[in-house]
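Presented below is the structure to which this report refers.
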Amino acid sequence: MFDNWEDLENSIKGCNKCKLNNGRTNIVFGIGNKNADIMFIGEGPGADEDKEGKPFVGKAGKLMDKAFEGLGINRENVYIANIVKCRPPQNRVPEKDEAVACLNYLRNQVILVKPKVIVLLGSTALKNILGEEHSITKERGIFTDKKDIKYLPTWHPAALLRDENKKIDFWKDLKELKKLAEEQNLKI
Ligand code: URA
């Protein structure tokens with residue numbers, strides 16, 4: 001574990017801890033406010049993210065941005081990262097060994113950001129962070145406290161592209177996040 005961003009970012013350069021390094025163009029480390037109160041965790045980079053080296057810049061990210069705009073959430077106030085930092089082929093779900101190989105980078109990011117709230121975007125984020133026994137369909141929209149951090153699982157924005165009905169839940173969940181942030185004076 002590193003106690004500063006520079007060493008952490010240097011440590012990931014050229015990473016070959018798992019097979020995803022074979023197909024990547026760029027490592028997608030994370031983006032946003034390094035002192036954020038609120039952190040968003042997705043699954044892994046898609047084609048656009050792989051090309052640009054930034055998380056959530058493709059279709060799903062644009063949809064998330066729209067929700068942010070509508071609700072008054074400023075992307076620059078939050079920190080956004082993924083479970084895996086390299087693009088899985090055909091955007092498949094990261095395999096267990098890939099997630100395990102990458103999770104220490106994310107743990108280190110969480111230690112440095114010190115977020116008060118972590119939004120878990122979709123099942124992959126939920127299961128890898130809180131445990132395999134968790135279910136996104138049962139737990140989305142419900143805040144859970146663990147070791148001084150509040151976790152809010154919600155749908156992954158890509159799921160909204162496949163199922164319009166999920167947009168209502170996603171908006172509702174982010175609205176609750178906004179409300180909590182305002183009550184607790186968190187940067188949002
Ligand atoms: N989906 C994710 O989970 N993360 C990204 O960065 C982009 C799409």
Side-chain angles (χ1 to χ4, degrees), residues 8-9 12-13 15 17-21 23-34 36 38-69 73-110 113 115 117-132 134-137 139-141 151-164 166-167 169-171 173-174 177:
L8 175 61
E9 292 191 36
I12 199 172
K13 279 183 189 154
C15 179
K17 286 188 185 169
C18 86
K19 56 192 175 297
L20 294 181
N21 84 90
R24 73 165 177 245
T25 312
N26 286 298
I27 292 174
V28 179
F29 181 68
I31 201 165
N33 188 329
K34 288 175 172 165
I38 300 169
M39 184 163 172
F40 287 77
I41 300 179
E43 181 174 294
D48 296 301
E49 291 77 19
D50 176 62
K51 209 158 44 176
E52 287 196 36
K54 293 180 192 153
F56 287 101
V57 291
K59 251 186 169 181
K62 292 209 166 80
L63 191 54
M64 190 163 81
D65 286 346
K66 247 187 174 174
F68 279 10
E69 251 175 63
I73 299 173
N74 187 344
R75 225 192 206 254
E76 278 154 32
N77 285 338
V78 301
Y79 190 82
I80 305 174
N82 281 308
I83 295 292
V84 293
K85 313 296 195 222
C86 297
R87 185 191 181 198
Q90 282 85 46
N91 300 340
R92 65 158 169 72
V93 173
E95 290 170 0
K96 198 69 211 168
D97 61 313
E98 296 158 357
V100 167
C102 214
L103 268 173
N104 268 347
Y105 295 125
L106 184 61
R107 287 194 187 101
N108 209 150
Q109 285 171 299
V110 171
V113 173
V117 183
I118 295 182
V119 181
L120 300 168
L121 298 166
S123 176
T124 301
L126 173 64
K127 285 178 181 284
N128 279 289
I129 301 294
L130 291 185
E132 286 297 324
H134 290 269
S135 155
I136 194 72
T137 44
E139 295 171 47
R140 67 132 279 278
Y151 292 87
L152 175 65
T154 188
W155 299 126
H156 189 289
L160 317 181
L161 294 167
R162 295 189 292 268
D163 178 359
E164 283 269 321
K166 292 195 166 90
K167 281 187 186 172
D169 293 336
F170 188 71
W171 270 72
D173 297 346
L174 291 191
L177 174 73

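Counting starts at 1 for both ligands and their atoms, following the listed order. These values consider heavy atoms only, across backbone and side chains, with no hydrogens, waters or symmetry-generated copies.
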- Query: Any salt bridge between E49 and K85, counting N to O under 4.0 Å?
  - Reply: no

- Item | Any side-chain donor near an acceptor of the partner, K96 and N128, under 3.5 Å | yes

- Item | Heavy atom of K54, distance to ligand 1 below 4.0 Å | no

- Query: So which protein heavy atom does atom 4 (N) of ligand 1 come closest to, and at what separation?
  - Reply: N82 OD1, 2.8 Å

- Item | Proximal ligand 1 atoms for G42, defined as those under 4.0 Å from one of its heavy atoms | 3 (O)

- Query: Hey, is ligand 1 close enough to P45 that some N/O pair sits below 3.5 Å?
  - Reply: no

- Message: Does atom CD (E132) have a neighbourhood of more than 12 heavy atoms from anything else shown, all under 6.0 Å?
- Response: yes

- Message: Hydrogens and angles aside, do N21 and R24 bring a side-chain donor and acceptor to less than 3.5 Å of each other?
- Response: no

- Between A158, P55, G44, G58, which one has a non-hydrogen atom sitting closest to atom 8 (C) of ligand 1? G44

- Query: What atoms of ligand 1 come closer than 4.0 angstrom to any heavy atom of H156?
  - Reply: 1 (N), 2 (C), 3 (O)

- Contact (N/O only, under 3.5 Å) between E43 and ligand 1: yes

- Side-chain contact, heavy-atom cut-off 4.5 Å: Y151 with I129? yes

- Message: I want to check a possible cation-pi pair here: K17 against Y105, using under 6.0 Å from ring centre and within 45° of the ring axis as the test.
- Response: yes

- Query: Any heavy atom of V28 sitting closer than 4.0 Å to ligand 1?
  - Reply: no

